[in-house]
Amino acid sequence: MEALLLRASSYAADVDGVIHLITLLAGFWFIVAEVVLFYFIFKFRKKNNEKAQYITGEKKEEMKWIHWPHNLIIVCDIVLVFFAIKAWYHIKQELPDPDFTVKITGQQWAWRMQHPGPDKQLDTADDIELVDELRVVVGKTYHYKLESLDVMHSFSVPVFRLKQDAIPGRTITGWFKPTRTGAFDIQCAEMCGIGHGIMGARIIIETEEEHQKWMESLSGNSVAQAL
Amino acid sequence: MSSAEHHHEQSIWEKYIFSVDHKVIGMQYMFTGIAMALIGGFFVYVFRMQLAFPGMSVPGFGTVNPMEYNSLVTNHGSIMIFWVAMPVLIAAFGNFLIPLMIGCDDMVFPRLNRLSYQIFLVSAIILIISFFVQGGGFGGAWTSYPPLSAKSEYNLTPWGASLWLLAVALEFVAFLIGGINFITTLMNSRAPGMKMYDIPIVCWMIVIASILFMASVGPLIAGAVMLGFDQVYSIGFFDPGKGGDPVLWQHLFWFFGHPEVYVVLLPAMGIVAEVITTFARKKLFAYKTVLFTAAATGVLSFFVWAHHQFVSGIDPRMANVFTVTTLMISVPIAEMLFVYIATLYGGSIRFTTAMLFALAFLAEFLIGGVTGIYLGASGSDIFFHDTYFVLAHFHYTFVPIAIIATFAGLYYWFPKMSGRLMNETLGKIHFWMTIIPFNFIFIPLFILGASGQHRRIYNYQNFPDLAVPELQNLRVVATVALIFMILGQIPFFYNFIVSWKKGEKADANPWKAATLEWAAPSPPPHGNFAELPNCYRGPYEYSVPGRDLDYWPQNVK
Ligand SMILES: [Cu+2]
Ligand SMILES: [Cu+2]
């Protein structure tokens, strides 16, 4: 997975771990099934006037060919369920204490990102609001409060392996922890009307100093705004 | 019915337009479904061209604006599922095959059957009209989530959205009526001597599918009425500002939407069972297992719907329950595929075009099944949800179902439908020109999805991480392959039309198959059988030891 898409959050590797495990287990069954299928097709093609065999598939020793794979698949499923739920629990059900909280609001067709200002508190006068740009500090744990003003949107950051629908009338809280600096795509992942195709944004992950500098460069403006 | 009734001369009008004959109604469904498939195919051609060559003037359409793009993808999905897969797999094959295969003269309720088709036709016409009304066709995705679908100030298609909803609701009504007919006919009109386990699998599958459909669609019809009220009278069932809940629609939709997958899958599996047993000259391996796994899949399919909603704002604890049920459903499906593969063991396989399509169904559907696990497992679905990976996955299920299995069935029963044979060489050209491009379309889309590309976006140049040339090249590959696949259908249409009129004459049983439909003349007259058959044994008695012939028809003592 890493080869196709960078990982930039603490839990991206957990999601990729589930993906790799499925690739291994399901891939095994897939290859077995395809190989057997093509082998049978080749082996049992019509030759001269040889008659086919008469097999009902209802005798015990015939049924074992179905029962054994059946039981093994159940075992594989149990393993998969365990790891899938483990990753899910970590990402969606746990909520580690945050260093910062941001508020993300989807609307037709833009993302409004409300960042805490220099006081590090959300919903205070020095908050910084950006459109289609989210600025976060690498290595810090963030809570996001996700809202929508109109229709369903979905906040998706592929490099984080994170996705959450935004629902009008609700505030959904989740978390992430960026682990590498850079600028990456945010996409809206839910059809939201004519502008859905342009409802992208960028997430900018920077070091603490860079973030500080950025806030200072703005402080004049945002103070003015607050007044 | 008395035979005197059969022999009065029917006008063309009576015979083809207002017929109550199950075969004619089946053909009406078939040709309407194929016509709709051409529209759905044209739509995908237009929007795939836009994705590969953004901003170009698409030959036959012109430039594609975002509004049109949304409408094209929405209606491509709606058409292919509701107006192609369902009418062809359930209504066309069900109507044509069930009375013939269980050895009776018609459906139990022939007039109800005609009504079903007429309502279906009206629904198709309404859908087509919806593309041309003011504001254009509905573009809020085939899942039609509110509030987008509920308010015209959000979707900007005041007429398109409501007509789409009306068309879908009428389509459901048509299939409810048709389903009653299939179930009643299978239970009451079987040939004397045909016991439960003597019924051909395809008949069982169509009937199980009809039961699934009837049991799952009720809540969605209620939902459609509510959504209609929201659209027209702003009642607010799904409007949080008025105390409604938009996520409710998703539950109603997917409670139907997941069983719907099996509603079309099971008939396809049924068709494949008939074709592989005939051309492998083999008894179906473990008939009862196939039947029970189909039933188990059907029951389980009612408990998996929220796997479409893991990240949609439902309580995250719910996802764990639905991960378990979703992975559970992989067990009966895998078992069914193993049984089919096991059926080939010890066979004497003849590679007719129908058989090639049936085998390709197995090989390709496996890919669709396996990739579904990534989406059923909550942990990985967080990433894959609503990406092209999902899109590629379900096309690897729906294309084998609605296209590959349908072709297997068409090539197989064509002699029964028309009394003539199709050209096998053209058939094989058509086969390879369908299967090879199909894989070249969707394997690139798996890679795009895994690279983080989301669905329903008309131009990826707006997203810096997705605008890179490597990904754009994959989009071009998919589009070019699509064009090859579309061109690959020309030999089929040519073959179909020419063979129907001038093909080599087929006798009643050209494939030496054992089920009852082959005891009727080709094509079967009104009333089907010269003399209604008796049934003496199961449907797949091929290569029975000690018999000269390698098939033992159900109706031969
Ligand atoms: Cu959107
Ligand atoms: Cu589903």
Side-chain angles (χ1 to χ4, degrees), chain A residues 4-5 15 18-19 22 26 30 33-34 36-37 40-41 44-46 50-58 63 65-66 69-70 73-74 77 80-81 84-85 87-88 91-93 150-152 154 156 158 161 163-165 167-170 172 184-185 187 189 191-194 196-198 200, chain B residues 66-67 140-141 145 147-148 154-156 240 246 281-283 285-286 311-313 316 319-320 323-324 327 331 334-335 338-339 341-342 344-350 359 362-363 366 370 373-374 377-380 382-383 385-386 450-452 454 456-459 462-463 465 543-545 550:
Chain A
L4 289 171
L5 187 62
V15 173
V18 177
I19 295 172
I22 296 173
F30 172 69
E34 294 282 3
V36 172
L37 172 63
F40 283 2
I41 292 173
F44 298 108
R45 68 195 187 278
K46 183 186 181 220
E50 229 174 275
K51 225 175 167 183
Q53 300 173 31
Y54 186 77
I55 302 167
T56 63
E58 250 133 39
M63 283 305 285
W65 289 103
I66 301 299
H70 168 104
I73 285 182
I74 291 181
D77 275 352
L80 285 182
V81 165
I85 290 183
W88 173 268
I91 298 167
K92 292 283 185 181
Q93 285 178 254
D150 37 43
V151 302
M152 303 272 179
S154 188
S156 172
R161 312 289 190 270
K163 186 170 298 134
Q164 179 60 56
D165 286 9
I167 301 169
R170 291 193 204 177
I172 294 170
F184 305 100
D185 278 346
Q187 300 181 40
M191 170 55 84
C192 56
I194 178 175
H196 172 63
I198 51 164
Chain B
M67 196 80 184
Y145 285 0
L148 179 66
Y154 293 151
N155 58 48
L156 307 177
R281 314 309 290 165
K282 274 289 307 282
K283 193 177 168 72
F285 192 92
V311 296
S312 76
N320 302 330
T323 295
V324 174
L327 290 193
V331 176
E335 193 151 339
F338 289 153
V339 166
I341 295 172
L344 298 173
Y345 179 89
S348 171
I349 299 172
R350 286 112 219 256
L359 295 172
L362 297 178
L366 271 168
V370 163
I373 299 175
Y374 293 89
S378 52
S380 43
I382 302 172
F383 173 59
H385 181 80
D386 253 320
S451 308
H454 282 292
R456 299 167 179 147
I457 287 173
Y458 76 100
N459 184 352
N462 300 324
F463 295 85
D465 295 352
S543 312
V544 179
D550 69 348

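These numbers were taken from a predicted model, which means no experiment stands behind them. Each chain gets a letter, A, B and so on, in the order its sequence line appears, and its residues count up from 1.
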(request) Heavy atoms only, distances under 4.5 angstrom: which of B:Leu344, B:Asn320, B:Val370, B:Asp386 has the most pairs with chain A? Name it, please. (result) B:Asn320
(message) Working note: B:Thr323 + A:Trp88, criterion side chain to side chain contact (heavy atoms under 4.5 Å, CB included); need CA distance, chi angles, decisive distance, verdict.
(response) CA-CA 10 Å; B:Thr323 295; A:Trp88 173 268; over 6 Å; no
(request) Indicate yes or no: at least one non-hydrogen side-chain atom of B:Glu335 is less than 4.5 angstrom from one of A:Ile66. (result) yes
(request) Would you give the length of the straight line joining atom OH of B:Tyr374 to atom CD1 of A:Ile19, rounded to the nearest 0.5 angstrom? (result) 8.0 Å
(message) Using every non-hydrogen atom in the two residues, find where A:Met152 and B:Pro246 come nearest and quote the distance to one decimal.
(response) CE-CB, 3.4 Å
(request) Count the heavy atoms of every other residue, nucleotide or ligand shown that sit under 6.0 Å from CZ of A:Phe184, and state whether that count exceeds 12. (result) yes
(request) Flag the one option from B:Pro66, B:Ser380, B:Ser378 with the top tally of heavy-atom pairs under 4.5 Å to chain A. (result) B:Ser378
(request) Search all heavy atoms of B:Gly140 against all heavy atoms of A:Met191 and return the closest pair with its distance. (result) C-CG, 3.7 Å
(message) Below 4.5 Å, heavy-atom pairs only: which of B:Ala141, B:Pro545, B:Ala334, B:Gly347 has the largest tally toward chain A?
(response) B:Gly347
(request) Of all the heavy-atom pairs spanning B:Ala377 and A:Ile22, show the shortest one and how long it is. (result) CB-CD1, 3.9 Å
(request) Sort out for me which of B:Ala342, B:Ser312, B:Ala319 touches chain A most, counting heavy-atom pairs under 4.5 Å. (result) B:Ser312
(message) Below 4.5 Å, heavy-atom pairs only: which of A:Val81, A:Val36, A:Ile91 has the largest tally toward chain B?
(response) A:Val81
(request) For chain A, find which of B:Val331, B:Asn459, B:Leu366 contributes the most heavy-atom pairs closer than 4.5 angstrom. (result) B:Leu366
(message) Quick check on A:Ile167 against chain B: is it the side chain, the backbone, both or neither that has a heavy atom closer than 4.5 Å?
(response) side chain
(message) Only pairs of heavy atoms separated by less than 4.5 Å count here; which of B:Leu359, B:Val324, B:Leu362 has the most with chain A?
(response) B:Leu359
(message) Under the criterion side chain to side chain contact (heavy atoms under 4.5 Å, CB included), I'd like the reasoning laid out for A:Val18 against B:Phe383: C-alpha separation, chi angles, the key distance, then a yes or no.
(response) CA-CA 11 Å; A:Val18 177; B:Phe383 173 59; over 6 Å; no
(message) Ignoring hydrogens, what is the shortest heavy-atom contact between B:Ala286 and A:Gly57? Give both atom names and the distance.
(response) CB-O, 3.3 Å
(message) At a 4.5 Å cut-off on heavy atoms, which part of A:Glu50 comes close to chain B: side chain, backbone, both, or neither?
(response) backbone
(message) Nearest 0.5 Å, please: how far is CG in A:Leu80 from CD1 in B:Ile373?
(response) 6.5 Å
(message) Using a 4.5 angstrom heavy-atom cutoff, name the option from A:Ala26, A:Ala189, A:Pro69, A:Gly200 with the most pairs to chain B.
(response) A:Ala189
(message) Please classify the contact of A:Ile172 with chain B as side chain, backbone, both or neither, using a heavy-atom distance under 4.5 Å.
(response) side chain
(request) Output the option from A:Ala87, A:Ser154, A:Cys192 having the highest count of non-hydrogen pairs under 4.5 Å with chain B. (result) A:Cys192
(request) Please round to the nearest 0.5 Å and tell me the distance separating atom CG of A:Leu37 and atom CZ of B:Phe338. (result) 11.5 Å
(message) Taking the side chain as everything from C-beta on, heavy atoms only, tell me whether B:Lys282 gets closer than 4.5 Å to A:Ile55.
(response) yes
(request) Between chain B and each of A:Ile74, A:Val15, A:Asp77, count heavy-atom pairs under 4.5 Å; write down the option with the most. (result) A:Asp77
(message) Quick check on the interface: out of A:Ala33, A:Gly169, A:Ala84, who has the most heavy-atom pairs with chain B under 4.5 Å?
(response) A:Ala84
(message) Using every non-hydrogen atom in the two residues, find where A:Ala52 and B:Ser348 come nearest and quote the distance to one decimal.
(response) CB-N, 3.8 Å
(request) Determine whether A:Gln53 and B:Ser543 make a side-chain contact, defined as any pair of heavy atoms from C-beta on separated by less than 4.5 Å. (result) no
(message) Closer than 3.5 angstrom, by distance alone: can the side chain of A:Lys163 be matched with the main-chain N or O of B:His385 as a donor-acceptor pair?
(response) yes
(message) Less than 4.5 Å apart, side chain to side chain, heavy atoms only: is that true for A:Gln187 and B:Asp465?
(response) no
(message) Quick check for you: among A:Lys51, A:Lys92, A:Met63, which has the greatest number of heavy-atom pairs under 4.5 Å with chain B?
(response) A:Lys51
(request) Check whether B:Leu156 gets within reach of chain A through its side chain, its backbone, both or neither, counting any heavy atom under 4.5 Å. (result) side chain
(request) Would you mind checking which part of A:Leu4 comes under 4.5 Å of any heavy atom in chain B, side chain (CB onward), backbone (N, CA, C, O), both or neither? (result) both
(message) Distance check, rounded to the nearest 0.5 Å: A:Arg161 atom CZ versus B:Ile382 atom CD1?
(response) 11.5 Å
